[in-house]
Amino acid sequence: MIRFLVYRSISIIVAVVLATSITIYVANWGGKLDQIILSQIEFEISQQVATNPAFRGLSEEEKAQYIRTQVELYKKALGFDSPFFPDRFFKYLWKYLTLDFGNAFFIHAKSGSLKVIDVIAERLPYTVILFTTATLLSALLGLFIAFIVSKKALTVLDKVITPLSFTTYVLPTWFMGIFAILIFAYTLKILPPGGMFSPGVPEEPLPRLIDFLWHLTLPLTAWIISTFGYWTYVFRSMLTQLYEEDFVKAAYARGLPPQMIDRRYVLRNVMPPFITLVSLSLVFSIAGAPITEYVFNWEGLGGLLLAAASVGDAPIVIGSTIILHIYWLLL
């Protein structure tokens with residue numbers, strides 16, 4: 001056991017370092033990472049010059065010259081006059097492994113912080129809540145339908161539900177989301193079209209939780225409708241094969257109740273692959289679905305990545321990518 005834990009820990013550390021190293025190399029392809037850091041330094045110095053009353057008496061040319069001078073000083077202090085590898089590469093590697101991603105260019109946390117880690121920490125829980133809940137409910141619904149269909153294999157019910165389930169999986173979640181918004185938000189007007197909280201919602205925990213769950217219902221429903229067909233199709237195949245196994249037929253021949261056969265012989269054998277598939281889906285669901293989050297204006301990690309890419313906020317993109325790499329490797 002101890003040997004396994006040691007090997008596992010070493011493999012995770014090596015994988016995290018390798019994944020982070022690759023991300024740094026890709027991000028700095030053609031000197032992009034250096035340009036990002038220099039642009040951030042120039043932006044911060046420009047902000048200081050613009051807001052500091054001591055610089056108001058200077059002309060625009062003098063301000064520009066001061067900014068250029070400060071940027072050059074920072075370049076020398078940070079070692080930009082030395083080769084990227086190995087000098088600055090290991091500095092970047094250590095910073096990113098310690099989750100020091102610097103400041104974002106445009107996107108900030110609700111607290112006003114520009115630190116990338118603060119922005120990610122604010123958005124990540126909402127993605128976890130939405131997509132892990134949706135994945136679990138979708139898998140359970142698919143397994144339930146698969147139990148019903150597999151007992152009636154090749155019947156009319158099977159021929160209707162199985163193709164219908166697969167069709168819903170083919171349609172993207174954002175497509176389902178648009179239709180759900182049109183029907184439930186604008187036609188029936190029973191659910192909000194997007195967002196996570198209503199304007200002016202009270203700060204008390206219970207009203208805020210109820211309002212959050214109300215906003216969660218629509219994206220959760222759209223995701224379940226779009227993905228439960230996959231689980232139905234997969235588990236229908238597994239269960240159909242299980243019901244044809246000799247030990248299940250023998251249980252029926254002994255006159256055991258169908259509920260007992262389902263519980264002791266079928267469900268017990270289908271649970272290991274069920275847990276494995278759901279666990280893998282939960283791991284990858286942490287990335288969220290950027291377009292789906294954008295459609296519902298859901299302030300999660302996927303929407304953050306899409307927003308950061310659209311405005312060119314590279315520190316957010318790099319930080320989110322490394323966080324996702326670390327998360328996947330740890331699990």
Side-chain angles (χ1 to χ4, degrees), residues 20-124 126-127 288 290 293-294 297 299-326:
T20 307
S21 301
I22 293 172
T23 303
I24 293 172
Y25 264 112
V26 172
N28 198 56
W29 200 273
K32 292 294 183 182
L33 187 57
D34 293 343
Q35 295 174 13
I36 291 169
I37 294 176
L38 289 175
S39 299
Q40 185 173 356
I41 291 172
E42 185 175 354
F43 174 77
E44 292 176 354
I45 295 174
S46 300
Q47 289 293 103
Q48 294 174 5
V49 171
T51 56
N52 193 335
F55 295 98
R56 291 179 182 176
L58 299 179
S59 64
E60 293 300 323
E61 180 60 31
E62 290 173 332
K63 291 180 181 178
Q65 180 61 38
Y66 174 82
I67 292 173
R68 286 194 295 268
T69 302
Q70 292 298 312
V71 170
E72 289 298 323
L73 292 174
Y74 271 99
K75 286 175 64 175
K76 292 181 180 180
L78 295 174
F80 278 87
D81 53 349
S82 59
F84 174 75
F85 188 87
D87 298 343
R88 283 176 290 119
F89 171 79
F90 289 106
K91 291 181 181 179
Y92 293 149
L93 181 61
W94 176 252
K95 284 181 60 178
Y96 292 158
L97 288 176
T98 56
L99 305 183
D100 181 9
F101 304 117
N103 294 335
F105 290 157
F106 310 106
I107 302 174
H108 58 80
K110 292 181 179 179
S111 62
S113 174
L114 283 172
K115 289 185 177 181
V116 173
I117 192 64
D118 292 341
V119 178
I120 294 175
E122 182 182 80
R123 300 292 191 96
L124 187 58
Y126 295 116
T127 291
E293 291 190 355
Y294 181 78
N297 193 25
E299 298 178 6
L301 189 60
L304 176 64
L305 275 170
L306 187 62
S310 63
V311 299
D313 205 328
I316 293 286
V317 176
I318 295 172
S320 301
T321 303
I322 291 176
I323 288 291
L324 291 176
H325 280 156
I326 294 174

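This one's a predicted model, so the numbers in the text were calculated from it and none came from an experiment.
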To the nearest 0.5 Å, what is the distance between [atom1] on [X] and [atom2] on [Y]?
X: Tyr126; Y: Leu304; atom1: OH; atom2: CG; value: 13.0 Å
X: Leu301; Y: Arg123; atom1: CG; atom2: CZ; value: 9.0 Å
X: Gln70; Y: Gln65; atom1: CD; atom2: CD; value: 10.5 Å
X: Tyr74; Y: Ile41; atom1: OH; atom2: CD1; value: 7.5 Å
X: Glu122; Y: Lys115; atom1: CD; atom2: NZ; value: 14.5 Å
X: Lys63; Y: Ile45; atom1: NZ; atom2: CD1; value: 15.0 Å

- Check: Gly302 main-chain N/O paired with Glu293 side-chain donor or acceptor under 3.5 Å: yes

Please give me the minimum heavy-atom distance between [X] and [Y], naming the atom from each residue.
X: Ser21; Y: Leu93; result: OG-CD1, 3.7 Å
X: Ser46; Y: Ile67; result: OG-CD1, 3.5 Å
X: Pro315; Y: Ala104; result: CB-CA, 4.4 Å

- Could I get the full list of ring-ring contact (aromatic ring centres under 6.0 Å, His included) partners for Phe90, not counting sequence neighbours? Phe85

- Item | Contacts of type ring-ring contact (aromatic ring centres under 6.0 Å, His included), residue Phe106, not counting sequence neighbours | none

Is [Y] close to [X] at the side-chain level, that is, under 4.5 Å between some pair of heavy atoms?
X: Phe101; Y: Ser320; value: no
X: Asp118; Y: Ser111; value: no
X: Glu44; Y: Asn103; value: yes

Apply side chain to side chain contact (heavy atoms under 4.5 Å, CB included) to [X] and list each qualifying residue two or more places apart in sequence or on a separate chain.
X: Ala308; result: Ile107, Asp313, Ile316, Val317
X: Glu61; result: Ser59, Arg68
X: Thr98; result: Trp94, Asp100

- Pairs flagged by salt bridge (charged side-chain N to carboxylate O under 4.0 Å, His left out) wherever residues 103-113 is involved - sequence neighbours left out: Lys110-Glu299

